[in-house]
Amino acid sequence: MISYPSISVVIPARNEERELPACLEALRLQDYPHEYEIIVVDNGSIDDTARIAASLGARVVQEPRKGPGWARQAGFTAAQGEIIASTDADTLVPTDWLSSIADAFSKHPDLVGVGGPYSLRGAPILVRTVIGTIFFSVPLLRRLIPKSWNFSGCNFAVKASTFQRVGGF
């Protein structure tokens, strides 16, 4: 029998009051039937980002040092799940996002991290084409540069124990 992990989702956010509700709604609609928490890291917002996040059921963590790296570190440190996933406030994840992440970790116990493709909502067609081309090229890049991988901030997950063992970001 497969054991499914608890998951924490970390979302760095700075002045994202307009985009955040749709992101949180996509997370609320997940088909993952097991435990997960949503943490929004308010990264020095001067708008209603933190209030909106809290009103929509997210746990809010404050990080005054500006930048998504600092915000992700604060959120990952506060996370309580066995798996920590991250996305961005302007990203809409598919309804099976958490289930796919949990399945990967459950089926492959030695796995320490996963990442995947994404599209930028509202981005110009040229930007979306470049991002799509990069992800299409990943198998070739992995052959050319073995043992390397770069996770995209808006679609990745890691084992919390591994994250802690390596000292975070």
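- Sequence neighbours left out, not one pair with a member in residues 159-169 passes salt bridge (charged side-chain N to carboxylate O under 4.0 Å, His left out).
- R18 is linked by a side-chain hydrogen bond (donor to acceptor under 3.5 Å, both in side chains) to nothing, counting only residues two or more places apart in sequence or in another chain.
- A pairwise comparison of heavy atoms in A50 and V60 identifies O-CG2, 3.6 Å as the closest pair.
- Although no hydrogens or angles enter the test, the distance criterion places a donor-acceptor pair under 3.5 Å between the side chain of N15 and the main chain of I46.
- At a cut-off of 3.5 Å, with distance as the only test, a side-chain donor of E37 or S8 sits close to an acceptor on the other residue.
- Ring geometry, F76 versus F156: the interplanar angle falls under 30°, so the pair is classed parallel (tilted spans 30 to 60°).
- Minimum heavy-atom separation, G81 to A160: O-CB, 3.3 Å.
- Evaluation of the salt bridge (Lys or Arg N to Asp or Glu O under 4.0 Å) rule for D48 yields R51 as partners, not counting sequence neighbours.
- At least one side-chain heavy atom of V93 sits less than 4.5 Å from a side-chain heavy atom of L27.
- S100 and D103 share no donor-acceptor pair across their side chains, judged by distance under 3.5 Å alone.
- Remark: the D31 side chain and the T95 side chain contain no N/O donor-acceptor pair separated by less than 3.5 Å.
- The shortest non-hydrogen separation linking A85 to I7 is CB-CG2, 4.4 Å.
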Open item on the list: Using the rule given for side-chain contact (heavy atoms from CB on, under 4.5 Å), can you reason through V41 versus W70, listing the C-alpha separation, both sets of side-chain angles and the distance that settles it, and then say yes or no?
Closed with: CA-CA 9 Å; V41 183; W70 292 114; over 6 Å; no
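- At most 12 non-hydrogen atoms from other residues, nucleotides or ligands lie less than 6.0 angstrom from CD of E35.
- To the nearest 0.5 angstrom, S6 atom OG is 9.0 Å from Q80 atom CD.
- Residue L29 is not grouped with residue L24 when hydrophobic side chains (ILVMFWY) are merged at heavy-atom distances under 4.5 angstrom, including chains of intermediate members.
- Scored by the side-chain hydrogen bond (donor to acceptor under 3.5 Å, both in side chains) test, D47 finds T49 as partners (sequence neighbours excluded).
- For the pair V158 and F163, the tightest heavy-atom approach, listed with the atom from each and the gap, is CG2-CB, 4.1 Å.
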TODO: Tell me, with the steps shown, if I83 and I101 meet side-chain contact (heavy atoms from CB on, under 4.5 Å).
DONE: CA-CA 9 Å; I83 303 298; I101 289 168; 3.9 Å; yes
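- Side-chain atoms of I38 and I11, non-hydrogen and from C-beta on, do get closer than 4.5 Å to each other.
- The backbone N or O of D96 sits nowhere less than 3.5 Å from a side-chain atom of S99 that would complete a donor-acceptor pair.
- Remark: E25 pairs with R28 by the side-chain hydrogen bond (donor to acceptor under 3.5 Å, both in side chains) rule, at least two apart or across chains.
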TODO: Output, in order, the C-alpha distance, side-chain angles, deciding distance and verdict of side-chain contact (heavy atoms from CB on, under 4.5 Å) for L20 and D90.
DONE: CA-CA 6 Å; L20 187 59; D90 61 353; over 6 Å; no
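- Partners of N43 by side-chain contact (heavy atoms from CB on, under 4.5 Å), not counting sequence neighbours, listed by chain and number: R14, E63, A71.
- Between Y36 and Y32, the angle of the ring planes lies from 30° to 60°, which puts this pair in the tilted group.
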TODO: Would you check, one step at a time, whether the test side-chain contact (heavy atoms from CB on, under 4.5 Å) holds for V10 with I84?
DONE: CA-CA 7 Å; V10 173; I84 307 172; 3.8 Å; yes
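- When every heavy atom of L92 is checked against every heavy atom of A22, the shortest pair comes out as CD2-O, 3.3 Å.
- Counting heavy atoms from C-beta outward, D88 and P12 have side chains that approach closer than 4.5 Å.
- At distances below 3.5 Å, not a single donor-acceptor pair connects side-chain atoms of T91 with backbone N or O atoms of T87.
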